[in-house]
Undergrad: 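Right, I'll just put the structure down here and ask away after.
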Amino acid sequence: MKEFTFLQKALLLVAMMGWTMMGSAQRYEKDHGRVYFSYGIMEHVDMQSFVDLGGGYAKDRNNVYKDGRVLEYVDPSTFRLKDRSTWRHHERNEEPEAAPRGYFKTNMNVYYGDRKLDAMAANFVELGGGYAKDAFNVYYCGEKVKGAMAATFKYTGDGYGEDSFNAYYKGKKIE
């Protein structure tokens with residue numbers, strides 16, 4: 001049986017440590033005048049105004065971040081997360097995730113989790129049960145509900161919603 005050299009043992013140790021660290025919880029850390037996310041340095045962060053908001057979100061005076069990446073076109077001065085006790089998980093697969101997956105909006109944009117929706121923020125309302133709407137569209141868990149009429153749509157409970165002509169269950173029209 002062949003013995004490993006010192007270099008081979010060192011490389012194996014480094015690989016094992018890296019693998020272990022990849023499975024660790026990802027979070028923001030401040031150290032030595034820098035901000036880190038998941039062991040990587042975040043560039044161009046304003047240390048003085050940086051705030052970890054939880055759930056993978058953070059912001060400074062210039063940007064809003066999700067999992068260490070800049071959320072483009074999100075205004076940090078108006079960005080707010082709901083109170084953590086109100087975070088709901090409306091995933092189609094019904095398995096909750098660590099990060100919030102609900103709706104939130106700024107003055108100009110609407111988001112579901114970290115994904116920007118093609119919705120009008122000015123009249124966007126969350127209806128409950130994963131449903132939301134603006135003046136023209138109905139959404140379920142961040143996806144447009146095909147054929148639903150926003151003007152008359154309402155959430156009726158337990159995953160069901162209805163408009164003047166159709167009923168829907170978890171965002172799908174009931175035939």
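One is the number of the first residue; the rest follow in order along the sequence.
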Undergrad: Could you check whether any side-chain heavy atom of Met42 comes within less than 4.5 Å of a side-chain heavy atom of Tyr28, counting everything from C-beta outward?
TA: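 Touching, per the 4.5 Å side-chain cut-off.
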Undergrad: Quick one: side-chain contact (heavy atoms from CB on, under 4.5 Å) partners of Asn63, sequence neighbours excluded?
TA: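 Listed in chain order: Asp60, Tyr65, Val70.
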Undergrad: Could you walk me through whether Leu127 and Lys133 pass the side chain to side chain contact (heavy atoms under 4.5 Å, CB included) check?
TA: CA-CA 7 Å; Leu127 303 173; Lys133 69 180 182 175; 4.1 Å; yes
Undergrad: What residues, two or more places apart in sequence or in another chain, satisfy ring-ring contact (aromatic ring centres under 6.0 Å, His included) together with Phe79?
TA: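 With sequence neighbours excluded, Phe79 shows a ring-ring contact (aromatic ring centres under 6.0 Å, His included) to Tyr57, Phe104, given in chain and number order.
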Undergrad: For Asp134, which residues count as a side-chain contact (heavy atoms from CB on, under 4.5 Å) partner, sequence neighbours excluded?
TA: Ala119, Met120, Asn123, Phe124, Phe136, Asn137, Tyr139
Undergrad: Same hydrophobic cluster for Tyr155 and Ile174, using side-chain heavy-atom links shorter than 4.5 Å among ILVMFWY?
TA: no
Undergrad: Is a side-chain donor or acceptor of Arg115 paired with a backbone partner of Gly142 at a separation under 3.5 angstrom?
TA: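 Side chain of Arg115 to backbone of Gly142: a pair is present.
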Undergrad: Roughly how far, to the nearest 0.5 Å, is the CD atom of Glu143 from the OH atom of Tyr112?
TA: 9.0 Å
Undergrad: Measuring from atom CG of Asp67 to atom CZ of Phe37, what distance do you get when rounded to the nearest 0.5 angstrom?
TA: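 One finds 4.5 Å between CG of Asp67 and CZ of Phe37.
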Undergrad: Out of curiosity, Arg34 CZ to Ile41 CD1, how far, rounded to the nearest 0.5 Å?
TA: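 Answer rounded to 0.5 Å: 4.0 Å.
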Undergrad: Can you confirm whether Lys146 sits close enough to Lys173 that some side-chain heavy atom of one is under 4.5 Å from a side-chain heavy atom of the other?
TA: no
Undergrad: Looking only at heavy atoms, what is the nearest atom pair of Met47 and Gly33, with distance?
TA: CG-O, 3.5 Å
Undergrad: Asp75: what forms a salt bridge (charged side-chain N to carboxylate O under 4.0 Å, His left out) with it, not counting sequence neighbours?
TA: none
Undergrad: If you group Ile, Leu, Val, Met, Phe, Trp and Tyr by side-chain heavy-atom gaps below 4.5 Å, do Met108 and Val125 land in one group?
TA: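 Shared cluster, no.
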Undergrad: Test salt bridge (charged side-chain N to carboxylate O under 4.0 Å, His left out) on Glu126 and Lys105; report intermediate values, then the result.
TA: CA-CA 10 Å; Glu126 191 170 353; Lys105 66 181 180 174; over 6 Å; no
Undergrad: Under the 4.5 Å side-chain heavy-atom rule for ILVMFWY, direct or indirect, which residues accompany Phe165?
TA: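 Met149, which link up through side-chain heavy atoms under 4.5 Å apart, make up the rest of the cluster.
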Undergrad: If we ignore hydrogens and angles and just use 3.5 Å, is the side chain of Lys170 paired with the main-chain N or O of Gly159 as donor and acceptor?
TA: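 A pair under 3.5 Å: no.
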Undergrad: Once side-chain hydrogen bond (donor to acceptor under 3.5 Å, both in side chains) is applied, do any residues pair with Asp163, and if so which ones, sequence neighbours excluded?
TA: Tyr168
Undergrad: Can you name the side-chain hydrogen bond (donor to acceptor under 3.5 Å, both in side chains) partners of Glu162, sequence neighbours left out?
TA: none
Undergrad: Asp52 and Lys30: salt bridge (charged side-chain N to carboxylate O under 4.0 Å, His left out), yes or no, with the steps?
TA: CA-CA 10 Å; Asp52 183 349; Lys30 291 182 185 181; over 6 Å; no
Undergrad: Looking at residues at least two apart in the chain, or sitting in another chain, which of them share a side-chain hydrogen bond (donor to acceptor under 3.5 Å, both in side chains) with Thr156?
TA: none
Undergrad: So Lys59 and Leu53, do their side chains get closer than 4.5 Å, heavy atoms only?
TA: yes
Undergrad: Can you list the residues that meet the ring-ring contact (aromatic ring centres under 6.0 Å, His included) rule with Tyr169, with sequence neighbours excluded?
TA: Tyr160
Undergrad: Under the side-chain contact (heavy atoms from CB on, under 4.5 Å) test, which residues partner Arg69, sequence neighbours left out?
TA: Asp114
Undergrad: Please list, chain by chain and in numerical order, all residues satisfying side-chain hydrogen bond (donor to acceptor under 3.5 Å, both in side chains) with Lys116, sequence neighbours excluded.
TA: Asn109
Undergrad: When you measure from the side chain of Thr152 to the backbone of Ser164, do you find a donor-acceptor pair of N or O atoms at a distance under 3.5 Å?
TA: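 Yes; at least one donor-acceptor contact below 3.5 Å.
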Undergrad: Measure across Ala135 and Ala150 and return the closest heavy-atom pair with its distance rounded to 0.1 Å.
TA: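 Scanning both residues, the minimum pair turns out to be O-CB, 3.8 Å.
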